[in-house]
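Counting begins at 1 with the first residue of the sequence. Below, each value reflects all heavy atoms present in this structure, side chains not excepted, and no hydrogens, waters or symmetry copies. For clarity, every value in this text was computed on a predicted model and none was experimentally measured.
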Amino acid sequence: MARHNREGSGADQRGFEYGVSYQPDWLKLVKVTRQLETGRQSTKTLFRNPAVGPETEPGERIRTRIVSADQSLDFEVALTDPRCAVKRVRVAYEVPGENGRWEEIEFTLESEDLPDG
């Protein structure tokens with residue numbers, strides 16, 4: 001039986017604070033990717049589950065919520081995975097940027113340490 005969500009937090013490349021509500025037996029880490037002014041990308045681990053490993057098998061429903069009051073960012077990912085086969089979920093989210101432009105931030109939710117790609 002899957003356990004209730006836990007609460008965590010982290011900061012991104014620009015110092016914005018985030019809250020993460022996560023399932024401790026599924027989520028291993030959250031990465032955040034932003035575009036730099038130079039045009040290059042920067043990826044940072046936003047949050048890493050402090051548990052050494054899962055205590056039970058994950059349930060068939062995956063649910064993770066990420067919020068950042070500083071950026072008026074709030075979303076929840078929920079999906080059904082009866083085979084427990086989902087290993088990575090990517091979410092692209094737009095926030096107001098500088099000079100009235102919109103900025104896209106990508107969040108990667110991973111269930112285990114996977115090679116980048």
My understanding is that only residues two or more places apart in sequence, or in another chain, count here; which of them pass side-chain hydrogen bond (donor to acceptor under 3.5 Å, both in side chains) with Thr45?
none
Quick check: closest heavy atoms across Gln13 and Ser42, and the distance to 0.1 Å?
NE2-O, 2.6 Å
Among all residues two or more places apart in sequence or in another chain, which pass the side-chain contact (heavy atoms from CB on, under 4.5 Å) test with Ala85?
Asp81, Arg83
With sequence neighbours left out, what residues match Thr43 under side-chain contact (heavy atoms from CB on, under 4.5 Å)?
Lys31, Thr33
Asp74: what forms a salt bridge (charged side-chain N to carboxylate O under 4.0 Å, His left out) with it, not counting sequence neighbours?
Arg65
Nearest atoms (heavy-atom pairs only) where His4 meets Pro24:
O-CD, 3.4 Å
Pairing residues for Ser68 by the side-chain hydrogen bond (donor to acceptor under 3.5 Å, both in side chains) criterion, not counting sequence neighbours
Gln71
With sequence neighbours left out, write down each residue that passes side-chain hydrogen bond (donor to acceptor under 3.5 Å, both in side chains) with Glu103, or none if nothing qualifies.
Arg14, Arg34
State whether the side chain of Arg61 and the backbone N or O of Gly59 hold a donor-acceptor pair below 3.5 Å, judged by distance alone.
no
Could you work out, with side-chain contact (heavy atoms from CB on, under 4.5 Å) as the rule, every residue matching Glu7, not counting sequence neighbours?
Ser21
Answer yes or no: is there an ion pair linking Arg88 with Glu110, defined by an N-O contact shorter than 4.0 Å?
yes
Remaining members of hydrophobic cluster (4.5 Å side-chain criterion), Val77:
Phe16, Tyr18, Val20, Tyr22, Trp26, Leu27, Val30, Val32, Leu46, Phe47, Ile62, Ile66, Leu73, Phe75, Leu79, Val86, Val89, Val91, Tyr93, Val95, Ile105, Phe107, Leu109
Please list, chain by chain and in numerical order, all residues satisfying salt bridge (charged side-chain N to carboxylate O under 4.0 Å, His left out) with Glu76, sequence neighbours excluded.
Arg63
Under the side-chain contact (heavy atoms from CB on, under 4.5 Å) rule, collect the residues that match up with Ser72, sequence neighbours excluded.
none
Those residues that, when tested against Glu106, pass salt bridge (charged side-chain N to carboxylate O under 4.0 Å, His left out) (two or more places apart):
Arg90
Can you find a pair of side-chain heavy atoms, one from Ser111 and one from Lys87, that are under 4.5 Å apart?
yes
Sequence neighbours excluded, which residues qualify as side-chain hydrogen bond (donor to acceptor under 3.5 Å, both in side chains) partners of Glu94?
none
